[in-house]
Amino acid sequence: MAKKQQQQHQVMQQVPSVGGIRSSFQSLVALLIAILVVATIYIRQSNEQLFQYWTTYDKTINGLSSSCNLFAGQWVFDNRSYPLYKEKECTFMSDQLACEKFGRKDLNYQFWRWQPHQCDLPRFNATALLEKLRNKRLVYVGDSLNRNQWVSMVCLVDSVISPTFKSIHNNGSINIFKAIEYNATIEFYWSPLLVESNSDDPISHRVPDRIVRVQAIEKHARHWTDADYLVFNTYLWWRRRQMKVLWGSFESPEDGVYKAVKLPRVYEMALQTWAQWLEVHVDRNKTQLFFMSMSPTHQKANKWGGIKGENCYSETEPVTEEGYVGDGASPRMMHVVDSVLGELKTRGLNVQMINITQLSDYRKEGHPSIYRKHWETITEEQLLNPKNYSDCIHWCLPGVPDVWNELLYAYILEL
């Protein structure tokens, strides 16, 4: 009997009391709250750091206050002075970017003006730019977002040139708009990764397995050699965990050596090749160099307070919270660009960064979404769920890329 009571007493000691359970539960809740608070603070600090990062790179421009940062500001609705041109009146508008033509009814995306906090962005003057470009070449080099910006620039100057004094010519990877009276060209060269790749065909570039020759650039670069203004971008086509690198030739691929290299290292290798070419071949007394920072995408509506699973489809207003930072751009990759441009500067070659990332991040409503020409047939299943085929990468015109060109214009006019 005594032994049985002793066993019962031992069992009772092993069973935790109600008070003990309550205490443990309260401790667990307190721990979870503490973790949540720390995580919230960390995210807020990270976003603040990213915001500061995405609004840097400004350099003093003659005629503007030395304290003026063109990249830190806000969007102001302005339906009196914007848009800077009409979509229907641009002779060379692209159907991929003509959102009004393809059914978009809400046109407020055309009326937003970028307002830096400490100064005014110089208003675009097409005639003044063309005078600056007289007998010169302005060449955009990169992917479809740089082509987006090129179309914007062509539309910006189009209205001040009579029909008999302008032309456009497409020759493979290069597209040339010519202002005949000024003997000036505004060109776009398709080179989405800057170095050679199996995505270099301007039409057939959608390949399942992307391959780059990170040490080969001359095939493309010979088309830019004597340009007076070079505007580069490369980002969108690198957005994958790794890329297959080829040491060899695309003409004899079976003789080459292949290796998968992770991002951002493969991106860095390509930009170093690009930088080396600039250092050797650019005439520093003639050519002005620019690099467009990455254009953000808007694929995740929950990032700006929308519904999880939605994207830019049906958005009609910009993000109004200053300091908002989405996840459609990669700080890791921008750090690579910073490093490469910094090394070039120490060697006496300046490439001006045009930081479009933060100001574009606010403009979740500025994309074509479904309002564009579709090169492939839209299926019945897709039609039932439009967001699944929405373009939340490129930008409607008139729209956000016009401001990118206003920023570029501010630098070109003062160089």
Flag if over 12 foreign heavy atoms under 6.0 Å of CD, Glu380 = no
Side chain to side chain, Lys244 and Lys259, heavy atoms closer than 4.5 Å | no
Chi angles and distances behind the side-chain contact (heavy atoms from CB on, under 4.5 Å) call for Leu145, Leu236 = CA-CA 8 Å; Leu145 286 160; Leu236 188 67; 4.3 Å; yes
Neighbour count >12 (heavy atoms, 6.0 Å) for atom NZ, Lys303 = no
Quick one: do the Asn311 and His367 side chains pair a donor with an acceptor below 3.5 Å?
-> no
With a 6.0 Å cut-off on ring centres, are Trp75 and Tyr362 close enough?
-> no
Consider only side-chain N and O atoms of Glu187 and Asn175, and report whether a donor and an acceptor are under 3.5 Å apart.
-> no
Is there side-chain contact between Leu230 and Phe290, with at least one heavy-atom pair below 4.5 Å?
-> no
Atom CG in Leu278, atom CG in Leu341: separation rounded to 0.5 Å?
-> 9.5 Å
Distance-minimising heavy-atom pair for Ala270 and Trp238 | CB-CH2, 3.5 Å
Worked verdict on His374 versus Gln96 for side-chain hydrogen bond (donor to acceptor under 3.5 Å, both in side chains) | CA-CA 8 Å; His374 298 285; Gln96 185 183 19; over 6 Å; no
Is there a donor-acceptor pair closer than 3.5 Å between any side-chain N or O of Arg210 and the backbone N or O of Arg240?
-> no
Derivation and outcome, ring pair (Phe, Tyr, Trp, His ring centres under 6.0 Å), residues Phe124 and Tyr409 = CA-CA 7 Å; Phe124 188 89; Tyr409 167 82; 4.8 Å; yes
Cationic tip of Arg123 above Tyr82 ring, under 6.0 Å, 45° of axis | yes
Establish, from distance only, whether the side-chain atoms of Arg147 and Gln149 form a donor-acceptor pair under 3.5 Å.
-> no
Test item: Arg222 side-chain N/O and Lys219 main-chain N/O as donor-acceptor pair under 3.5 Å = yes
Is there a donor-acceptor pair closer than 3.5 Å between any side-chain N or O of Ser159 and the backbone N or O of Cys155?
-> no
May I ask you to decide if Cys99's main-chain N or O and Arg372's side chain share a donor-acceptor pair within less than 3.5 Å?
-> no
Positive for side-chain contact (heavy atoms from CB on, under 4.5 Å) with Asn135, one of Asp228, Asn183, Thr185 = Asn183
Say you draw a straight line from CG of Asp283 to OG1 of Thr225; how long is it, rounded to the nearest 0.5 Å?
-> 11.0 Å
Donor + acceptor pair across side chains of Glu315, Trp304 (<3.5 Å) = yes
Check for a donor-acceptor pair, side chain of Thr287 on one end and backbone N or O of Arg284 on the other, with a separation under 3.5 Å.
-> no
Is the count of non-hydrogen atoms from other residues, nucleotides or ligands lying under 6.0 Å from Lys286 atom NZ greater than 12?
-> yes
Before giving the answer on side-chain contact (heavy atoms from CB on, under 4.5 Å), spell out for Phe77 and Asn79 the whole-Å C-alpha distance, their side-chain angles and the decisive distance to 0.1 Å.
-> CA-CA 6 Å; Phe77 189 79; Asn79 59 1; 3.7 Å; yes
Hey, is the main chain of Gln215 close enough, under 3.5 Å, to the side chain of Arg213 for a donor-acceptor pair?
-> no
Verdict with supporting geometry, Asn388 and Tyr313, side-chain hydrogen bond (donor to acceptor under 3.5 Å, both in side chains) | CA-CA 9 Å; Asn388 287 344; Tyr313 175 69; over 6 Å; no
Apply salt bridge (charged side-chain N to carboxylate O under 4.0 Å, His left out) to Asp361 and Arg363, showing your working.
-> CA-CA 5 Å; Asp361 213 357; Arg363 295 298 305 277; over 6 Å; no
Are the side chain of Lys308 and the backbone of Ala301 linked by a donor-acceptor contact shorter than 3.5 Å?
-> no
Starting at CZ of Arg332, measure out to CZ of Arg265 and round the result to the nearest 0.5 Å.
-> 13.5 Å
Pairwise disulfide bond (SG atoms under 2.5 Å apart) hits with a residue in residues 252-289, at least two apart | none
Positive for side-chain contact (heavy atoms from CB on, under 4.5 Å) with Leu263, one of Arg239, Met333, Glu268 = Met333
Interatomic distance, CE@Met292 vs CG@Leu408, rounded to 0.5 Å, equals 6.5 Å
Please report the shortest heavy-atom distance between Val195 and Val214, naming the atom on each side.
-> CG1-O, 3.7 Å
Side-chain (Ser191) to main-chain (Val141) donor-acceptor, under 3.5 angstrom = no
Passes side-chain hydrogen bond (donor to acceptor under 3.5 Å, both in side chains), Asn355 versus Ser293? Steps please.
-> CA-CA 5 Å; Asn355 190 0; Ser293 72; 3.1 Å; yes
Check whether the side chains of His394 and Ser144 place a donor and an acceptor atom closer than 3.5 Å, and report yes or no.
-> yes
Tyr189/His220 under side-chain hydrogen bond (donor to acceptor under 3.5 Å, both in side chains): CA gap, chis, key distance, verdict = CA-CA 8 Å; Tyr189 185 86; His220 300 316; 3.0 Å; yes
Strictly by modelled atom types, are Trp404 and Ser360 linked by a side-chain donor-acceptor pair under 3.5 Å?
-> yes
How many angstroms lie between atom CD of Gln352 and atom CD1 of Ile412, to the nearest 0.5 angstrom?
-> 11.5 Å
Hey, is CG on Leu384 packed in by over 12 heavy atoms from elsewhere, all under 6.0 Å?
-> yes
Do Tyr109 and Glu100 have side-chain heavy atoms sitting under 4.5 Å apart?
-> yes
Is the backbone N or O of Gln382 less than 3.5 Å from a side-chain atom of Thr379, with the two atoms forming a donor-acceptor pair by type?
-> yes
To the nearest 0.5 angstrom, please state how far the CH2 atom of Trp150 sits from the CG atom of Leu138.
-> 11.0 Å
NZ/NE/NH1/NH2 to OD/OE distance under 4.0 Å, Arg347 and Glu279 = yes
Please walk me through it: do Val325 and Gln358 pass side-chain contact (heavy atoms from CB on, under 4.5 Å)?
-> CA-CA 7 Å; Val325 177; Gln358 181 62 36; 4.1 Å; yes
Within a reach of under 6.0 Å around CZ of Arg206, are more than 12 heavy atoms found that belong to other residues, nucleotides or ligands?
-> no
Determine, step by step, whether Ile356 and Met294 satisfy the side-chain contact (heavy atoms from CB on, under 4.5 Å) criterion, reporting the C-alpha distance in whole Å, the side-chain angles of both residues, the deciding distance to 0.1 Å, and the verdict.
-> CA-CA 7 Å; Ile356 62 170; Met294 51 194 61; over 6 Å; no
Compute whether any side-chain donor of one residue and acceptor of the other, for Thr273 and Trp277, lie under 3.5 angstrom apart.
-> no
How about Glu251 and Ser249: does a side-chain donor come under 3.5 Å of a side-chain acceptor?
-> yes
Check: Trp114 side chain, Val76 main-chain N or O, donor-acceptor pair, under 3.5 Å | no
Qualifying residue for ring pair (Phe, Tyr, Trp, His ring centres under 6.0 Å) with Trp224, from Tyr140, Trp274, Phe232 = Phe232
